[in-house]
2 protein chains.
Amino acid sequence: MKALPYTLRQLEYAVAVAEAGGFRKAAEQCHVSQPALSAQLAQLEDIIGVRLFERDRRRVLVTGAGRELLARAKRVLTEAADLQALARCWEDPFHGEMRIGIIPTIAPYLLAEITPALKERFPELRLLWTEEKTSTLSSMLEEGALDAAVVALETDLGDVEHAEIAKDPFVLAAARSHPLAKARSKMPVAKLAQSCVYLLEDGHCFREQVVDLCSKVGSEEAGFRATSLGTLVQLVASTGGLTLLPSLALGIENRNEQLKIRPLGSPMPYRTIALVWRPSTPFRDALETLAKTMRAAYPVSSKVTNAKQG
Amino acid sequence: MKALPYTLRQLEYAVAVAEAGGFRKAAEQCHVSQPALSAQLAQLEDIIGVRLFERDRRRVLVTGAGRELLARAKRVLTEAADLQALARCWEDPFHGEMRIGIIPTIAPYLLAEITPALKERFPELRLLWTEEKTSTLSSMLEEGALDAAVVALETDLGDVEHAEIAKDPFVLAAARSHPLAKARSKMPVAKLAQSCVYLLEDGHCFREQVVDLCSKVGSEEAGFRATSLGTLVQLVASTGGLTLLPSLALGIENRNEQLKIRPLGSPMPYRTIALVWRPSTPFRDALETLAKTMRAAYPVSSKVTNAKQG
DNA sequence: CCAATGTGATAGGCTGTGCCTATCTACTAT
DNA sequence: ATAGTAGATAGGCACAGCCTATCACATTGG
């Protein structure tokens, strides 16, 4: 891009002169003195090498070149003003769009719940959701392809700041026929020992958490790895197996009659759902407010209901 | 038009940063120091109230707002550059367009003759001809609706400068049957006395000149006033009458077999065809060159030929 | 592991731009 | 004539925008 030798102000003055039909009136409109306007205009004409106005003692005429160039000048000024107007839209961070990532073990259960609240609270904010596994979201965030992401804090996220949305306890989900389906409330995690547990496919952070948990108590993994929590539930129900689920998913995944849900304890395993962002983001304040709204809209009810009914 | 608080340069810097992906590289491209660019950018962001870039120690990311606003900024800069390019076209006065008026008693005879020469000499110059009577041209010139005009200097033109193109002698044009058709070369104007002369309608400067001439020697005007030299010739030929014509018109109007052309003398009446312009025009030099070209392309041949054969 | 090299931000100082007021010159209108 | 208008010009001042030098913090290489 080559340097532009003239300024927007000069164009403004020129257009003003053409519209006002005189230097003095134009200067008044532009809130400058007539000599100041005169000087800028002379400079503009000097720079572009074309005489825009024909000065006569009693009036100002627009030259042929001036007619055409001033039309262009108006277009430039209009574009510039548009840009400014556009900027004013973005000035309010809740007016515009924000690109947010979210992991697959949260997205289907959380988005439906919080979207109405967000829509109501920030009607002018367009949220562009991207559903990917944590590692993908992490690099997208890093590269600036996302402004924030909803993930589980228990996974490595690199250098980010965060605002917690909720703690999401894990529960036992077993087929009705499974021995552990009859366990009392708050079944200790240790009881999972020796059980064969169904898990998600690689890359899901929820899988990593459960794997950690299971390896500690000595469970083994079933042969098949599900691609989503939905298929995981189907799998468990149809094979009479066992798995862990995040409570968040229960609102939807607990509809299977073959499935029994039992809370876990000693210690209660959980993940921390949070909104994360780059430390250098210009939207920190906005994102914290956003997270606050998400926290308020988080589906406590379903979690509590399920815990009680389990 | 409201004042625009930001400058084109700031937009340039911003676009450069987005394209170069860093302040230093951008600064280099813009031929300024990095702090200078930094300052301008900070100022721009402050003015429009939106953070365009996310500064990280190791790289620069474009914010969501930045993506959209920078696209706009590029458009503004492109428009501005276009304007400059357009100006460069007009910088050469012979590159662009020029609005020139011309009177009806010259236009049809002169334009065909000089247009090829002008086209060849100034290929990039588009001449916009306006054919009107002198008074109309005069006010159009005054108002700036025309850049120049081709007229006869013998008419009152107000405050204008001029460059002569040619002296255009008047000749006698009589029907073959008319007594004066047999006159020798250089018929004295005085011989027109008592004759009934056909003239153009009001408003033509050529009519005014001939009227002046005739009233001095005591001719009288025929009942019908022609709207053009063409009809005037038809009129004279068909009614066996008499009129005066500018030599310039002979190239075309002398084709009528019924018409006899005789030169006039003592003194030889003529009009001075010239290019005129406002004293304040920015095109004086160009117009003088233009007039020179017209002078060179002026159809001498036809005039001489007619004079000889008369 | 430390030096070398890179980033953008900051500080201090200078130059030139852009503004002001006051004045000038020329034309118009009373 | 005289007053009122136009744009151009002159002198002076304030600050915008640039420079160099430096800082604070990264990443990279030996």
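Side-chain atoms are counted along with the backbone in the values below, which use heavy atoms only and exclude waters and symmetry mates.
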Quick one: [X] [atom1] to [N] [atom2], roughly how many Å, whole number?
{"X": "A:Tyr13", "N": "D:dG7", "atom1": "OH", "atom2": "P", "result": "15 Å"}
{"X": "A:Asp159", "N": "D:dC25", "atom1": "CG", "atom2": "P", "result": "14 Å"}
{"X": "B:Asp46", "N": "C:dA9", "atom1": "CG", "atom2": "C1'", "result": "15 Å"}
{"X": "A:Leu41", "N": "C:dG18", "atom1": "CG", "atom2": "P", "result": "13 Å"}
{"X": "A:Gln40", "N": "D:dG7", "atom1": "CD", "atom2": "P", "result": "17 Å"}
{"X": "B:Glu54", "N": "C:dG8", "atom1": "CD", "atom2": "P", "result": "14 Å"}
{"X": "B:Phe23", "N": "C:dT10", "atom1": "CZ", "atom2": "P", "result": "11 Å"}
{"X": "B:Leu8", "N": "D:dG17", "atom1": "CG", "atom2": "C1'", "result": "16 Å"}

* Asked: Quick check: does any side chain N or O of A:Arg207 sit under 3.5 Å from a backbone N or O of A:Leu200, one acting as donor and the other as acceptor?
  ->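 Looks like yes, one N/O pair under 3.5 Å.
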* Asked: Hey, is the main chain of B:Arg99 close enough, under 3.5 Å, to the side chain of B:Asp147 for a donor-acceptor pair?
  ->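 Side chain of B:Asp147 to backbone of B:Arg99, a donor-acceptor pair under 3.5 Å: yes, one is there.
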Considering every strand and a 4.0 Å limit on heavy-atom distances, what is the contact class for [X]: base, sugar-phosphate, or nothing?
{"X": "A:Arg9", "result": "sugar-phosphate"}
{"X": "B:Phe53", "result": "nothing"}
{"X": "B:Gln34", "result": "base"}
{"X": "B:Gln43", "result": "sugar-phosphate"}

* To do: Give a yes/no answer on whether the side chain of A:Ser38 brings an N or O atom under 4.0 Å of OP1 or OP2 in D:dA8.
  =>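 Answer yes for this pair, as a side-chain N or O of A:Ser38 is under 4.0 Å from OP1 or OP2.
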* To do: State whether A:Ser33 places a side-chain N or O below 4.0 Å from either non-bridging phosphate oxygen (OP1 or OP2) of C:dC19.
  =>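 No, A:Ser33 has no side-chain N/O under 4.0 Å of OP1/OP2 on C:dC19.
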* Is any NZ, NE, NH1 or NH2 atom of the basic residue among A:Arg278 and B:Glu54 found under 4.0 Å from an Asp or Glu carboxylate oxygen of the other? ->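 Judged by the 4.0 Å cut-off on N to carboxylate O distance, A:Arg278 and B:Glu54 do form a salt bridge.
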* In plain terms, say whether A:Arg271 and A:Glu154 are close enough for a salt bridge, that is, a side-chain N and a carboxylate O under 4.0 Å apart. =>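 Looking at A:Glu154 together with A:Arg271, the answer is no, because their closest N to O distance does not fall below 4.0 Å.
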* Does A:Thr7 or B:Arg59 map to a spot on DNA chain C nearer the 5' end, using the closest nucleotide for each? ->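 Upstream on the strand: B:Arg59.
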Name the atoms and distances for all side-chain donor-acceptor pairs under 3.5 Å in residues 31-50 of chain B, with sequence neighbours left out.
{"unit_1": "B:Ser33", "atom_1": "OG", "unit_2": "B:Ala36", "atom_2": "N", "d": "3.3"}
{"unit_1": "B:Gln34", "atom_1": "NE2", "unit_2": "B:Ser38", "atom_2": "OG", "d": "3.3"}
{"unit_1": "B:Gln40", "atom_1": "OE1", "unit_2": "B:Gln10", "atom_2": "NE2", "d": "3.2"}
{"unit_1": "B:Glu45", "atom_1": "OE1", "unit_2": "B:Arg55", "atom_2": "NH1", "d": "2.8"}
{"unit_1": "B:Glu45", "atom_1": "OE1", "unit_2": "B:Arg55", "atom_2": "NH2", "d": "3.1"}
{"unit_1": "B:Glu45", "atom_1": "OE2", "unit_2": "B:Leu52", "atom_2": "N", "d": "2.8"}
{"unit_1": "B:Glu45", "atom_1": "OE2", "unit_2": "B:Phe53", "atom_2": "N", "d": "3.1"}
{"unit_1": "B:Glu45", "atom_1": "OE2", "unit_2": "B:Arg55", "atom_2": "NH1", "d": "3.0"}

* Asked: Below 3.5 Å, does any donor atom in the side chain of B:Arg24 face an acceptor in the base of C:dG6, or the other way round?
  ->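 Such a pair does not exist between side chain and base.
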